[in-house]
Every structure is written in structure tokens, then in C-alpha cells.
Amino acid sequence: MKSEPESFSFDDLKKAQNQTTPWDGVRNYQARNFMKNDMQIGDMVLFYHSNCKVPGGIGLALVASKPYPDFTQFDKISKYFDPKSDKDNPRWYLVDVKYLMDFPEIVSLSSIKTNENLNGMLLVKKGMRLSIQPVNREEFEEIIRMAGLNLNQVMKRYDEVKKSI
DNA sequence: GCCAACGTTGGC
DNA sequence: GCCAACGTTGGC
């Protein structure tokens, strides 16, 4: 899941109440569908910083709720207000995201691009600017390794945090 | 349903 | 700040 650190950074997530935040404001149907149709509580999230000095993976989070309607679509003073959305049939959905752990090393976009094991990642495909993208297990484990973590460390922390959801 | 015009994303 | 590559809008 991508975010622009200027508007909401990984550090902001870490400091948020219960280290959890609703992933509001997604207004792209494909990205919405990933949240609405494919995400489940406990799914691992690669947190990515875009539109910044060093774009790349910065840490891990996890999906902390089932999908539910994005409340900002009904909020007239929100910049995400959608006058065409119907309360009985909301157009936009989101999930809550909870902080898991920092990457010891940022996994930069440029290092992802030069890693041949990650040639298949959607992120490195031409013109790919979707803010939410699926990542497969092999890609995920490669990113973890590049970040300076091993899977045992990650899973230990994962089990702790998952219990707290 | 087509497509031009416009807005947004996001790396560089 | 630039601009390529998308996605969306809305007239027809």
C-alpha cells in the first residue's frame, strides 16, 4: 500500500492511536476492489512511500479490519466527499491498517528495479501507479530479505500484533 | 459507445 | 518543476 509521507507517513501510522488508521480516500476502483474483495484481517501489508526523496518500502503493517464503507465519501467538508455515492450503496470501501514493524533498511524502488527476482512485481511495470497492489509470497519474502529481516523475526512480531486486533 | 479534454500520479 | 502514463468526465 502506497502513501505519500508528506500527507501520511509510516511514522504517522506508528504514532496513531492503537497504531491503527483507516485507509480512507482511495478513489480508484481497482485499488478499492483489492480492499473490498481481496483483503482479510491479518493480511500482511508492505508499506510504501511514494512521491518522496527515496521512494520505496519502509516497513510492514497488517490489515486490521474487514472492509467497510469509507466514511469520508459522505463527509461534505472532506476533500474525498463523493456527492454521487449513495448511503444505501456506498461506492468506496476501506480497511483499517495497523503498524507492524520498521524495515532496518529501506527497500528503495531503484533496488527493487535492479533485482531480477522482482522483475514480475506490478510496481516495476511501466506506468504502474496503482496505490494498492497485490504482492505474491516470493516477492514478499525477497523484499523482507532486502530489508534486512528474516521471516522468523517477522512472524514472531506478526503473531503478537495479530492477537491485539 | 467513442474519444477529446482534463485531472492525477509519481518518478526523475 | 517536468512530463509520461494513466484514469475519469462528459458531450455527442
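Given the structure is predicted, the values throughout are model-derived calculations rather than measurements.
If you look at A:Phe47 and A:Phe103, their ring centroids are not closer than 6.0 Å. You'll find the ring centres of A:Phe71 and A:Trp92 outside the 6.0 Å limit.
Heavy atoms only, all atoms of each residue included: A:Val63 and A:Met39 are closest at CG2-SD, 3.9 Å.
Nucleotide B:dG11 holds its C1' atom 12 Å from the CD atom of A:Glu4, rounded to whole Å. Atoms CG (A:Asn28) and P (B:dT9) sit 10 Å apart, rounded to a whole Å. In this structure, A:Glu6 atom CD and B:dT9 atom P are separated by 14 Å, rounded to whole Å. In this structure, A:Leu123 places its CG atom 10 Å from P of B:dG10, rounding to the nearest Å. Following rounding to the nearest Å, A:Tyr29 (OH) and C:dT8 (P) show an atom-to-atom distance of 7 Å. A straight line from CG of A:Asp82 to P of C:dT8 spans 12 Å, rounded to a whole angstrom. Counting to the nearest Å, the C1' atom of C:dC6 and the CD atom of A:Gln133 are 13 Å from each other. One interatomic measurement links the two molecules: CG of A:Leu122 to P of C:dA5, which rounds to 18 Å at whole-angstrom precision.
In this structure, the side chain of A:Gln19 engages the main chain of A:Lys14 through a donor-acceptor pair within 3.5 Å. For the pair A:Tyr158 (side chain) and A:Gly42 (backbone), a donor-acceptor distance under 3.5 Å is present.
Residue A:Tyr48 places none of its side-chain N or O atoms closer than 4.0 Å to OP1 or OP2 of B:dT9. The phosphate of B:dT9 (OP1 or OP2) has no side-chain N or O of A:Lys2 nearer than 4.0 angstrom.
Here B:dC12 is the nucleotide among C:dA5, B:dC12, C:dG7 with the atom lying nearest to any side-chain atom of A:Leu109. Of all nucleotides listed (B:dG10, C:dG10, C:dA5), C:dG10 comes nearest to the side chain of A:Lys84.
Nucleic acid contact class of A:Lys125 (heavy atoms, under 4.0 Å, all strands): none.
Positionally, the nearest nucleotide of DNA chain C for A:Asn51 lies more toward the 5' end than for the other of A:Asn51 and A:Arg91.
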